[in-house]
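Input: a single structure, listed below in structure tokens.
Keep in mind the model is a prediction, meaning the values are calculated, not measured.
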4 protein chains.
Amino acid sequence: MTSSKKPDKYYAILEGALKVFAENGFHKSQVSRIAKEAGVADGTIYLYFKKKEDILTSLFQEKLGELVEKFNTGVNEQMTAKQALYKVCEIHFSELEGNVNLAFLTQIELRQSDLELRKEIGLALKRYIILIENILERGKQDGSFHADFDVKLVRLLIFGGMDEVVTSWLISGQKYSLTAQVGPTVNFFMKGIEA
Amino acid sequence: MTSSKKPDKYYAILEGALKVFAENGFHKSQVSRIAKEAGVADGTIYLYFKKKEDILTSLFQEKLGELVEKFNTGVNEQMTAKQALYKVCEIHFSELEGNVNLAFLTQIELRQSDLELRKEIGLALKRYIILIENILERGKQDGSFHADFDVKLVRLLIFGGMDEVVTSWLISGQKYSLTAQVGPTVNFFMKGIEA
Amino acid sequence: MTSSKKPDKYYAILEGALKVFAENGFHKSQVSRIAKEAGVADGTIYLYFKKKEDILTSLFQEKLGELVEKFNTGVNEQMTAKQALYKVCEIHFSELEGNVNLAFLTQIELRQSDLELRKEIGLALKRYIILIENILERGKQDGSFHADFDVKLVRLLIFGGMDEVVTSWLISGQKYSLTAQVGPTVNFFMKGIEA
Amino acid sequence: MTSSKKPDKYYAILEGALKVFAENGFHKSQVSRIAKEAGVADGTIYLYFKKKEDILTSLFQEKLGELVEKFNTGVNEQMTAKQALYKVCEIHFSELEGNVNLAFLTQIELRQSDLELRKEIGLALKRYIILIENILERGKQDGSFHADFDVKLVRLLIFGGMDEVVTSWLISGQKYSLTAQVGPTVNFFMKGIEA
DNA sequence: CATGAATGAGGGTTCATTCAT
DNA sequence: CATGAATGAACCCTCATTCAT
């Protein structure tokens, strides 16, 4: 159903990598360990990926693709901008809460990369950031949001805020409900803190 | 006034590390390169630091100490909560804008660490987060902020938002003024986006 | 017939190690030098041995195995105890005289190890010591040897004596015939020095 | 009373080295550890010894000197050759039994050296070997020993035998009395094993 | 396509030795 | 004589990547 022209082993390797990366972190994960987890030979990995780093980026793009699809499914034009923003935050939190390995990947492992890779990741994130941007634009146009804030800035503030909430929850050991934070989080974005 | 009883070479090594880490990232930085940059022999580094990773954490703690001091100097009780928040954001942005190497360290390199180290960093960041928390509490008490938001959550949203703005500015190649974002950023925190 | 299911490279590395150890001693022998001598890459060594020290112990056990086999072949039940002792000494001396590298290994390198390793070596030597012990027991039972000496002690005196003769011959630069000492040596063991 | 032109620190270092070598073995003993044990600075050691290895050889020569002195005191011309041999063995065993650190040094550490050092040690041992040789010669001349054995060979057999008994006792964990072996040992040397 | 044995460059760390004080 | 901070050469081992089968 996905863009699955790719053979099974491609996905098996990615799943193995997700598990191994989440357990040990990118730099401490050996390729051979991923191979064993995926049930393929070490060399096989290099039939599907050029370098170890490519596994990480492919994994990210694949997973982000799935997320974006969920966003696209969950958010539609009938919603108000506020409702859409709520939905985005809800999906963001619930997806990562429901898949801790993926959370480790996005919040910890993907940061373990040099500038080069960070740019590539930034590029992949673009689609998500733009989704938020579109919602902000829509709110401005229909008058439900202020007219004078900087969309380019605020999308960062929103994304960064949600991102930090997830990381904090993850590092703390996932001891509380992440989805319970959706309401207060969106509320802050909407109303700020000023009385 | 700081704990500056440490010998000169200790600081020389940290400065060398800051430069080398910023240029190449932690994992791609050789100890011998840091030694050369600091003007000491390779072995000398191990008179002051137990392992390579210790250089990174010491560097972070040392630099964070300096920042916290600047926050303490810059923010005082005479200010309104809003003014204090503005000052915090201003220092946060201007310090990193004025020291790109330090920005690389905090935004990129320090994320390149396993969970263990992340926890340690999180611990060190606590002081900064609490500073924000205190401002929020003060605003609630004097009535200038809402009474009903969750301080623990909002401090994350504020920190995460600022953090993302800095990272974005850094990765984009520092093509625009970071300090120019202070006003709009704090404004968003205060008023949110709702019309 | 031996446990020679091991791949060729395993033995190639051992032979390389024998040569390099004999020339430079264990501690002054680099793994890379052994690799070159064996015609394999440095890393290949670690496919067959866990640590550098493992090469030494494996080498010893492999070589000792060969020696014990020769003892088993050379000594049989038809011989008198005296003849058997003679044969043991003859094999001991001739094998080491015929393989100076092996002599260096057993007389010099294997002593270059900490207590831990010495114990392991002592364990491996047990088979040889027991061979001597059996001969002594046999002589006592058939009345060709005294009835009242301590077998556990005398086996050490015999082994230690032969061992020292070999070491002395080796350190002196192998300037005389070692096998020529077999007769006088066994004669001393049999008759002592008392007139 | 010894040839003590040497300053106190020289001996302090040797005593420190004896302890450290006995505990860790030569190769695993750091010079700085010896310095600490001796209560001097690292650099001070190099005022008295040229290299680390020199500590080992000096230690050996110093200790061997003490032993030889004890042999000279204990053995005299009034004794029969047999009595003298008994005395030599008694001193050899009792001195090492009474000083386990010294035993470790002679039986284990001194073997941890390359050929060069082994030769030097062999040279130092010469005095002891010659002592045994003299006793053998005396026995031959006064007719209490056979006339036809090879003195050069038998002295090795005797030394090697005693040496192995000590090593075996040491490695086994010194669980039994070493001096109790003097009688049976000398007895074997005198009478051999033949009935 | 798949394998996995083989490769070999690379680097963190130790520690014997030196030398300015 | 004594110090001990500083040096820097030396080396074992790992592991991403390749390639003959």
Side-chain angles (χ1 to χ4, degrees), chain A residues 7-10 12-13 26-36 38-55, chain B residues 7-10 12-13 26-36 38-55, chain C residues 7-10 12-13 26-36 38-55, chain D residues 7-10 12-13 26-36 38-55:
Chain A
D8 286 354
K9 291 201 173 166
Y10 173 84
I13 292 166
F26 177 71
H27 284 102
K28 291 186 180 168
S29 295
Q30 292 110 305
V31 172
S32 65
R33 178 72 208 292
I34 295 172
K36 183 175 293 181
V40 302
D42 291 19
T44 303
I45 287 186
Y46 290 86
L47 298 175
Y48 297 95
F49 304 91
K50 231 174 130 68
K51 308 160 94 297
K52 181 186 175 189
E53 216 168 47
D54 287 350
I55 308 177
Chain B
D8 287 353
K9 295 209 168 156
Y10 174 83
I13 291 166
F26 178 71
H27 284 101
K28 291 186 180 168
S29 295
Q30 291 113 305
V31 171
S32 64
R33 180 72 207 293
I34 295 173
K36 186 173 293 180
V40 300
D42 291 18
T44 303
I45 288 187
Y46 292 88
L47 297 177
Y48 297 96
F49 303 92
K50 244 175 120 72
K51 308 162 92 283
K52 183 187 174 189
E53 209 171 53
D54 286 352
I55 308 177
Chain C
D8 287 352
K9 295 208 169 159
Y10 173 83
I13 292 166
F26 177 72
H27 284 101
K28 292 186 180 168
S29 295
Q30 292 113 304
V31 171
S32 65
R33 179 70 209 293
I34 295 172
K36 186 174 294 181
V40 301
D42 291 19
T44 304
I45 288 188
Y46 292 88
L47 297 177
Y48 297 95
F49 303 92
K50 245 175 120 72
K51 310 159 92 285
K52 183 188 174 189
E53 209 171 53
D54 286 351
I55 309 177
Chain D
D8 286 354
K9 291 203 173 165
Y10 174 83
I13 293 167
F26 177 72
H27 284 101
K28 291 186 180 168
S29 295
Q30 292 111 305
V31 171
S32 66
R33 179 71 207 292
I34 295 172
K36 183 175 293 181
V40 302
D42 292 18
T44 304
I45 287 187
Y46 290 86
L47 298 175
Y48 298 95
F49 304 92
K50 232 175 129 72
K51 307 159 93 301
K52 182 187 176 189
E53 216 170 47
D54 288 350
I55 309 178

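- Atom CD1 of B:Ile55 is separated from atom P of E:dG11 by 15 Å (rounded to the nearest Å).
- D:Phe26 carries D:Lys52 over the face of its six-membered ring, with the cationic atom under 6.0 Å from the centre and within 45° of the normal.
- Rounded to whole Å, the distance from OH on D:Tyr46 to C1' on F:dT7 is 13 Å.
- Of the listed nucleotides (F:dT7, E:dT17, F:dC13), F:dC13 has the atom at the smallest distance from the side chain of C:Lys51.
- Closest to the B:Val31 side chain, of the nucleotides F:dA5, E:dT13, E:dT18, is E:dT13.
- In plain terms, the two heavy atoms of B:Ala12 and B:Ala38 that are nearest each other are O-CB, 3.4 Å.
- Comparing E:dT18, E:dT3, E:dT13 by their nearest atom to the side chain of A:Lys9 picks out E:dT3.
- Between the C1' atom of E:dT14 and the CD atom of D:Gln30 lies a distance of 8 Å, rounded to the nearest Å.
- In this structure, NE2 of B:His27 is placed 17 Å from P of F:dT14, rounded to the nearest angstrom.
- Across all strands shown, E:dC1 forms no Watson-Crick or G-U wobble pair with both key distances under 3.5 Å.
- Atoms NZ and CD1, from A:Lys9 and A:Ile45 in turn, are 11.5 Å apart once rounded to the nearest 0.5 Å.
- When the P atom of E:dA5 is taken as reference, atom NZ of A:Lys36 falls 11 Å away, rounded to whole Å.
- The interatomic distance linking A:Ile45 (CD1) with E:dG4 (P) rounds to 12 Å, in whole Å.
- One interatomic measurement links the two molecules: OH of C:Tyr48 to C1' of E:dA6, which rounds to 8 Å at whole-angstrom precision.
- Nearest-nucleotide mapping onto DNA chain E: of C:Ala41 and B:Ser29, the residue sitting toward the 5' end is C:Ala41.
- Taking only side-chain atoms of D:Thr44, from C-beta outward, the nucleotide of F:dT3, E:dG4, F:dG8 with the closest atom is F:dT3.
- F:dT21 and E:dC1 are spaced 13 Å apart, taking the C1' atom of each and rounding to whole Å.
- Out of F:dT7, E:dA2, E:dG12, the shortest distance to the side chain of B:Lys52 is found at E:dG12.
- Base pairing annotation: F:dA9 forms a Watson-Crick or G-U wobble pair with E:dT14, both donor-acceptor distances under 3.5 Å.
- In this structure, CD1 in B:Ile13 is found 11.0 Å from CG in B:Asp8, a value given to the nearest 0.5 Å.
- Judged by closest nucleotide on DNA chain F, B:Gly43 is the one of B:Gly43 and A:Gly43 placed further toward the 5' end.
- Between D:Ile34 atom CD1 and E:dA16 atom P there is a gap of 8 Å when expressed in whole angstrom units.
- Partner of D:Phe49 under the side-chain contact (heavy atoms from CB on, under 4.5 Å) criterion, chosen from D:Ile55, D:Ile34, D:Val31: D:Ile55.
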